[in-house]
Novice: 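Before I ask anything, let me first share the structure, which is written out below as structure tokens.
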Amino acid sequence: MIHARGLTKTFGPVEAVRGIDLDVSAGEIVGFLGPNGAGKTTTLRMLTTLLRPTSGTATVAGADLFADPAAVRRRIGYVAQGGAFAPFSPVGQELVLQARLYGLSKEQARERVTTLLAELDLPGVEERTTVTMSGGQKRRLDIAMGLLHRPELLFLDEPTTGLDPQSRANLWDHVRRLRERDGLTVFLTTHYLEEADALCDRVLIIDNGRIVAQGAPDELKSEHGARTLDDVFLAVTGRELREGAAA
Amino acid sequence: MTALTVLTGHYLRASFGNKFSLVFSALQPFLYLVLFGPLFDRSGVGSWAVLVPGLLVQLGLTSAGMAGFGIVFDQRFGVLERLRVTPVSRVTLLLGRVLRDCVVLLIQAVAINVAAYALGLRAPLAGVLAALLLTTVLSVGMASLSYTAALTLRQELFAPVMSTLVVPLMLLSGALLPMSLAPAWLDVVSRLTPFRYAVEGLRALFAGSYASSALVWGVVVSLAFAVLGVTLGTSRFQRENA
């Protein structure tokens with residue numbers, strides 16, 4: 001589903017991503033972990049066509065990232081860290097607009113929005129704005145936005161940051177259900193490693209723009225003689241604080 | 001094409017949902033029309049048919065020229081990024097907004113012309129309609145450049161920079177008083193701005209001189225300005241994309 005070789009991104013003198021190789025198979029849930037400023041979001045933005053890599057090659061959802069970014073865009077969903085809704089517009093209108101930009105007719109779009117909102121436990125919120133919604137509701141709404149066009153691959157950038165434990169558990173249930181039912185492939189970043197442990201088939205740990213560890217959570221724990229994924233994470237990325245680093 | 005109509009329709013619905021901003025962005029030229037127009041008409045400098053074309057350019061600057069303000073919020077709330085991850089072409093993402101701005105501007109321009117007629121404007125209908133068309137061409141360029149500026153400047157700078165820039169651009173265009181009154185240096189500086197040619201082209205249309213060189217220059221400069229705006233705007237929407 002994702003095959004990347006030697007992806008790099010430099011911003012002026014800063015090497016944000018220094019040569020990443022990635023392989024994600026169809027139907028996998030892969031966690032992309034790393035300290036702040038490690039290059040997670042930059043990598044995600046490259047794989048979702050929002051940022052042009054400085055060098056490297058990548059195929060995402062069967063399309064070449066450089067030769068055919070429009071095909072990549074048609075086949076992937078992307079849920080950004082900061083959400084996708086302005087607080088002053090009814091969410092139904094925004095969802096229908098987005099669905100229509102993927103080529104659905106007005107009727108198809110409305111139907112898809114209604115179904116998807118019901119599936120994500122948000123029935124009948126079309127006329128509301130995000131101002132009146134809880135953090136968990138907003139996140140599920142962002143995920144609905146990313147799923148409108150039935151993508152094969154969904155990118156989630158820190159989907160559970162700032163949510164209470166109930167909302168987090170609920171969100172993971174939705175992600176699991178999407179994989180079981182639709183065979184959706186999910187590539188997500190998170191700082192909650194116990195969640196990554198419970199949810200992901202495989203995790204990749206990135207630090208200073210390079211992948212420093214990867215494997216199934218249990219493999220990684222036994223490999224490092226660690227009790228938790230947190231311990232693995234600290235073992236491979238060190239304990240130094242990453243202050244001043246951007247997300 | 002479908003994506004373009006979908007986007008334009010969406011933005012139009014949003015604009016008409018906010019009547020305050022529809023009125024507000026046309027308020028300045030409207031105030032000049034009502035509070036300055038009667039003086040201008042009696043000043044001996046020119047008639048309503050000289051002032052109103054200038055006010056159309058001023059409207060372009062205050063309405064289409066400030067259009068970029070809307071995208072500042074879309075950028076901040078992740079709406080723009082969400083649109084950029086769809087397969088819609090980057091030029092369509094820009095033009096969807098620009099077309100909305102043109103429709104809004106046309107409605108405002110018609111309102112100004114109707115009010116001016118009530119105050120005493122007399123001009124050939126064909127000329128006024130052609131002037132509305134030329135104003136639209138000009139505002140394609142203005143709205144596009146406004147979005148370019150909004151996506152380039154730091155977001156807190158957009159409003160102060162643009163609202164300050166509008167003042168010299170409007171004064172230099174000769175929108176309020178014809179540049180034929182200007183000293184040589186001011187005339188030269190004025191000729192360096194595209195709006196000078198637009199104002200004079202529009203005045204030619206209001207005067208019914210359809211074969212004048214002023215009109216030719218007005219059309220050529222406005223078209224070039226629109227092409228420049230859309231080109232810069234698209235490349236700005238494209239930037240950093242794969």
Side-chain angles (χ1 to χ4, degrees), chain A residues 7 9 11 42 44-53 56 58 60 63-90 93-106 109 130 138 142 145-146 148-149 151 155 157, chain B residues 1-22 24 67-97 99-100 147 150-151 154-155 234-242:
Chain A
L7 275 190
K9 181 69 194 177
F11 298 102
T42 304
L44 228 59
R45 290 173 55 81
M46 288 196 283
L47 294 172
T48 51
T49 79
L50 290 169
L51 201 58
R52 177 173 269 282
V60 178
D64 189 288
L65 188 60
F66 293 86
D68 199 357
V72 174
R73 291 183 190 125
R74 270 191 292 277
R75 296 174 198 170
I76 63 162
Y78 172 56
V79 179
Q81 223 175 90
F85 288 85
F88 35 75
S89 188
Q93 282 180 22
E94 298 294 319
L95 288 163
V96 168
L97 168 71
Q98 190 81 356
R100 297 200 67 197
L101 295 180
Y102 284 103
L104 275 69
S105 72
K106 195 185 279 181
T130 54
K138 279 191 233 178
D142 292 333
M145 182 70 91
L148 287 165
H149 56 300
F155 290 91
D157 197 1
Chain B
M1 200 62 201
T2 328
L4 184 59
T5 47
V6 168
L7 272 172
T8 308
H10 176 82
Y11 291 134
L12 276 172
R13 196 167 336 119
S15 288
F16 287 109
N18 185 357
K19 305 264 183 328
F20 172 77
S21 81
L22 280 188
F24 191 75
F69 204 57
I71 213 169
V72 171
F73 290 98
D74 275 8
Q75 192 175 27
R76 186 186 304 168
F77 293 117
V79 176
L80 188 62
E81 184 141 293
R82 164 196 119 199
L83 296 174
R84 288 172 75 226
V85 87
T86 67
V88 175
S89 79
R90 312 296 101 165
V91 67
T92 303
L93 291 180
L94 171 70
L95 287 182
R97 289 169 191 275
L99 281 186
R100 180 267 314 266
Y147 290 121
L151 294 179
R154 288 218 313 276
Q155 57 177 334
T234 306
S235 84
R236 187 61 238 196
F237 266 73
Q238 194 100 48
R239 213 180 92 125
E240 288 297 344
N241 268 209

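Proteins come first, then strands; the chains are lettered A, B, ... in the order of their sequence lines, and each starts at number 1.
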Novice: Sequence neighbours left out, what passes side-chain hydrogen bond (donor to acceptor under 3.5 Å, both in side chains) with B/Gln75? Give chain and number order.
Specialist: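 Not a single residue meets the side-chain hydrogen bond (donor to acceptor under 3.5 Å, both in side chains) criterion with B/Gln75.
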Novice: I need the A/Arg100 CZ to B/Thr86 OG1 distance, nearest 0.5 Å.
Specialist: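 These two atoms lie 13.5 Å from each other.
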Novice: Of the non-hydrogen atoms in B/Pro87 and A/Arg74, which two are nearest, and what is the gap between them?
Specialist: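 Closest approach of B/Pro87 to A/Arg74: CG-CG, 3.4 Å.
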Novice: Of the listed residues (A/Pro87, A/Ala70, A/Gly82), which shares the most heavy-atom pairs with chain B below a 4.5 Å separation?
Specialist: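 Most heavy-atom pairs within the cutoff with chain B belong to A/Pro87.
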Novice: To the closest 0.5 Å, what do you measure between CD (A/Gln81) and CD (B/Glu81)?
Specialist: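 Between A/Gln81 CD and B/Glu81 CD, I get 10.0 Å after rounding to 0.5 Å.
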Novice: Would you give the length of the straight line joining atom NE2 of B/His10 to atom CD of A/Glu94, rounded to the nearest 0.5 angstrom?
Specialist: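 Going from the NE2 atom of B/His10 to the CD atom of A/Glu94 covers 4.0 Å.
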Novice: Between A/Gln98 and B/Arg82 (side chain of the first, backbone of the second, donor and acceptor by atom type, cut-off under 3.5 Å), is there such a pair?
Specialist: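 It does hold such a pair.
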Novice: Just wondering, are more than 12 heavy atoms of other shown residues or ligands nearer than 6.0 Å to CZ in B/Phe24?
Specialist: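 Atom CZ in B/Phe24 is not packed in, count stays at 12 or less.
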Novice: Picking from B/Leu83, B/Val85, B/Thr92, what satisfies side-chain contact (heavy atoms from CB on, under 4.5 Å) with A/Leu101?
Specialist: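 Testing A/Leu101 for a side-chain contact (heavy atoms from CB on, under 4.5 Å) against B/Leu83, B/Val85, B/Thr92 leaves exactly one candidate, B/Leu83.
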Novice: With sequence neighbours excluded, tell me which residues meet salt bridge (charged side-chain N to carboxylate O under 4.0 Å, His left out) with B/Arg97.
Specialist: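 So B/Arg97 forms a salt bridge (charged side-chain N to carboxylate O under 4.0 Å, His left out) with B/Asp74.
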Novice: What part of A/Ala80 is in contact with chain B, defined as an atom under 4.5 angstrom from a non-hydrogen atom: side chain, backbone, both or neither?
Specialist: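 Just its side chain gets close to chain B.
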Novice: For B/Leu7, is it the side chain, the backbone, both or neither that has a heavy atom under 4.5 Å from a heavy atom of chain A?
Specialist: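 B/Leu7 touches chain A through backbone and side-chain heavy atoms alike.
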Novice: Give, as side chain, backbone, both or neither, the part of B/Arg76 having an atom under 4.5 angstrom from any heavy atom of chain A.
Specialist: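 For B/Arg76, no heavy atom lies under 4.5 Å from chain A.
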